[in-house]
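The structure under discussion appears below in the form of structure tokens.
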Amino acid sequence: MTKEENEKRLTYLKNIVANLPDKPGSYQFYDVDHTIIYVGKAKSLKNRVSSYFHKEVDRFKTKVLVSKIYDISYTVVNTEEDALLLENSLIKKYNPRYNVLLKDGKTYPSICITKEYFPRIFKTRTINKKTGTYFGPYSNVGAMYAILDLIKKLYKPRTCRFPISQEGIEKGKYKPCLEYHLKNCDAPCLGKQSYEDYQANMLQAREILKGNTREISKIVYELMLQKASEMKFEEAEILKNRYVLIENFCSKSEVVSHTINDIDVFTIVDDDNKSNAYINYIHVANGTITQSFTYEYKRKLDETDQDLLITAIPEIRERFNSTAKEIIVPFEMEWKLKDASFFIPQRGDKKHLLELSEMNGKQYKFDRLKQSEKLNPEQKQTRLMKELQEKLQLPKIPYQIECFDNSNISGSDAVAACVVFKAMKPSKKDYRKYNIKTVVGPDDYASMQEVVRRRYTRMMEDGTPLPDLIITDGGQGQMSVVREVVENELGLQIAIAGLAKNDRHRTNELLYGNPPVTIGIDIKSELFHILTQIQDEVHRFAITFHRDKRSKHALHSELDDIPGIGPKTRDLLLQKLKSVKRIKVADIQSLTEIIGAKKAEIVYNHFHQI
């Protein structure tokens, strides 16, 4: 690979990384043949994946891995634990080349249930199938300990290593240990727990390790009800505590649902102009997500979502060799498949899987949009202008937007400002400052009218292109006074909108129309962010101008009021004599030495008038 090809590869990868979401999930690296070579987990996909491409990375193996990456994909989940479980299932399915630690099953620990008379349950890194049954390996030690802790609380398996036998129990060979006194063991070695009861517990523990936790939860629940109906309330209370522990454990995982097996999930998300659609596919086997991919489909005609989805489903299922008999979809399908049936969940785990699939589709769409707009910034500006045009139902795209704001303190030093945005970007060369000339006192409405009148009268006289949209920093009142000047006095047809604030002085709505109505726009959207940016910019510009004007007044000197004495002469006098008070008492000779005879006479006569 040449240096240019490598730089092109890294640029492509860094563009993907720059647009990754700050959410938990699993990520996959692909080689030049588009084979998965590494699967990882992350609390934040953006932070974790970007760390591979930092210049300061000095680990040799990491550098080798990065040199093999040609593409990146990922799956978003809701919790960090889900990311761990998803990573584990994907590693088991694909056996990626660089996830070597999981292949031999020795580095990661497993859980062993021994084949003893009273089996023990413990973690181990040594696999010997002659001594017991093994579950795992577990790529995350925390998840393994969570399962062990659950089993310990539920069934209290023994932890001692004595070779307990029925004959030994009958002969009283064993003594109670500390675990028994701490109530962490029911002492089967003393005959206080029967062999049948202990084996029943081990059977349920095996089912939990297999992943059938919800089945065990149902069994425990039904047994609890049975004991309660038999008036065996103490046993029912023990079963109730077990049931609560199992349910709490099950609720922690949103990726794995042990009631679901071998199903496909499909959702479709449209792009803004309906030309493309993003179809996400999730396959669940044995309660675990084994595949999650999003594909982009381009509409050639005006196909509906149903038409596009029914076309894509067989193609995707064939690609992944799926034979699932149940397919979860977001809406009714007019077409049917001979080897599977469609299902629209309304609640429960399947509904959650549908929402998870839709979330991944939307995230993929968002990332694609960000990538394309990063390569072509004008695309984003055009999209936002079209969105604003559609929201306000304007006759043309609002290319030039102008916004006004006033600034004064109790009417003193009253000023106003106008900022101009072109193609959703500030055009600072077109910014204008205004000193209020005709308004006395703090009258914001009258000041706004004066500035708007001066602004557009001048633009009409000069033949300057008028704006496509005026935004007022205020609600209905500001809009009305601006409309009175623009439409009634000047006879102009310019769209006028307003940004209103709530009780906390935060901008929370966009107003438009006559009379003004609230425009439905998400305050967290990019468009609303741009509008508030315009509002903040005009406010900043007006405040800065007002502060500058006040500062000049604060620096005003009595020397400034002397006709014929300019700033240079004033500064020279202050530099030599240090204060106006000394200048007042200075004789004509001293003044002449500093500023010359003619100006000295003017200054002296000003302060010594009889």
Side-chain angles (χ1 to χ4, degrees), residues 388 392 394 398-422 424-501 505 507 509-516 530-553:
L388 183 58
L392 303 183
L394 301 176
Y399 173 77
Q400 181 172 325
I401 300 174
E402 297 187 357
C403 188
F404 296 87
D405 190 23
N406 301 323
S407 183
N408 66 81
I409 296 179
S410 300
S412 65
D413 298 320
V415 299
C418 171
V419 300
V420 180
F421 274 58
K422 293 182 178 180
M424 293 297 179
K425 295 193 299 184
S427 177
K428 295 194 175 183
K429 65 183 180 64
D430 295 312
Y431 285 15
R432 293 294 182 269
K433 303 173 183 177
Y434 296 92
N435 288 305
I436 302 302
K437 298 178 179 179
T438 62
V439 180
V440 178
D443 189 338
D444 283 344
Y445 286 173
S447 299
M448 180 67 70
Q449 286 188 321
E450 177 191 327
V451 172
V452 171
R453 185 182 298 111
R454 288 165 58 186
R455 167 77 173 165
Y456 296 121
T457 300
R458 178 66 177 268
M459 292 180 75
M460 292 168 65
E461 291 174 353
D462 295 345
T464 307
L466 295 169
D468 304 303
L469 175 66
I470 298 172
I471 296 180
T472 64
D473 180 26
Q476 183 173 349
Q478 292 278 18
M479 293 173 64
S480 298
V481 297
V482 171
R483 182 176 287 106
E484 184 178 339
V485 173
V486 172
E487 295 182 1
N488 299 343
E489 291 186 24
L490 302 179
L492 301 174
Q493 295 300 317
I494 304 175
I496 301 170
L499 288 170
K501 295 181 172 66
H505 204 66
T507 303
E509 61 181 1
L510 175 67
L511 302 177
Y512 183 71
N514 189 16
I530 287 291
L531 296 177
T532 54
Q533 180 185 343
I534 296 173
Q535 184 184 39
D536 293 341
E537 177 68 359
V538 71
H539 186 64
R540 179 201 64 79
F541 191 52
I543 288 292
T544 302
F545 180 34
H546 184 239
R547 286 173 179 168
D548 291 344
K549 187 174 181 180
R550 282 183 12 235
S551 297
K552 289 180 180 179
H553 283 186

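Along the sequence shown, the residues carry numbers beginning at 1.
Not counting sequence neighbours, Y512 has no partner by the ring pair (Phe, Tyr, Trp, His ring centres under 6.0 Å) test. The side chain to side chain contact (heavy atoms under 4.5 Å, CB included) test applied to E461 returns T457, R458, not counting sequence neighbours. Take D405 and apply the side chain to side chain donor-acceptor pair (under 3.5 Å) test, not counting sequence neighbours, and it matches H539. Under the side chain to side chain donor-acceptor pair (under 3.5 Å) criterion, Y445 pairs with no residue, sequence neighbours left out. Here E489 pairs with R453 under the salt bridge (charged side-chain N to carboxylate O under 4.0 Å, His left out) rule; sequence neighbours left out. For K425, there are no salt bridge (charged side-chain N to carboxylate O under 4.0 Å, His left out) partners at least two apart in sequence or on another chain. Residues satisfying the side chain to side chain contact (heavy atoms under 4.5 Å, CB included) test with A416, not counting sequence neighbours, are N406, Y434, I436, V451. Remark: R454 pairs with E450 by the salt bridge (charged side-chain N to carboxylate O under 4.0 Å, His left out) rule, at least two apart or across chains. Here E509 pairs with T518 under the side chain to side chain donor-acceptor pair (under 3.5 Å) rule; sequence neighbours left out. Residues that satisfy the side chain to side chain donor-acceptor pair (under 3.5 Å) test with R483, not counting sequence neighbours, are absent from this structure.
Atom OH of Y456 sits about 10.0 Å away from atom CG of L490, to the nearest 0.5 Å. Rounding to the nearest 0.5 Å gives a distance of 9.0 Å between CD of E487 and CD1 of I494. To the nearest 0.5 angstrom, F421 atom CZ is 5.0 Å from Q533 atom CD.
In this structure, the side chains of L388 and I401 come closer than 4.5 Å at one or more pairs of heavy atoms. Looking at V452 and F404, their side chains come closer than 4.5 Å, going by heavy atoms from C-beta outward.
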If you look only at distance, which donor and acceptor atoms sit under 3.5 Å apart when one is on a side chain in residues 463-475 and the other is two or more places apart or in another chain?
residue: D468; atom: OD1; partner: K396; partner atom: NZ; Å: 3.1
residue: D468; atom: OD2; partner: Y399; partner atom: N; Å: 3.0
residue: D468; atom: OD2; partner: Q400; partner atom: N; Å: 2.9
residue: T472; atom: OG1; partner: G474; partner atom: O; Å: 3.4
residue: T472; atom: OG1; partner: A497; partner atom: O; Å: 3.4
residue: D473; atom: OD1; partner: K501; partner atom: NZ; Å: 3.1
residue: D473; atom: OD1; partner: Q535; partner atom: NE2; Å: 2.7

Would M460 and L492 count as a side chain to side chain contact (heavy atoms under 4.5 Å, CB included) here? Give the steps. CA-CA 10 Å; M460 292 168 65; L492 301 174; 3.9 Å; yes
Do L510 and L392 pass the side chain to side chain contact (heavy atoms under 4.5 Å, CB included) test, and can you show the C-alpha distance, the side-chain angles, and the key distance before you say yes or no? CA-CA 10 Å; L510 175 67; L392 303 183; 4.0 Å; yes
Step by step, would you call E402 with V538 a side chain to side chain contact (heavy atoms under 4.5 Å, CB included)? CA-CA 9 Å; E402 297 187 357; V538 71; over 6 Å; no
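Scanning both residues, G498 and M479, for their nearest heavy atoms gives N-SD, 3.6 Å. Residues F541 and A417 share a closest heavy-atom pair of CD2-CB, 3.5 Å.
Annotation: salt bridge (Lys or Arg N to Asp or Glu O under 4.0 Å) contacts involving residues 426-438, sequence neighbours excluded, comprise K422-D430.
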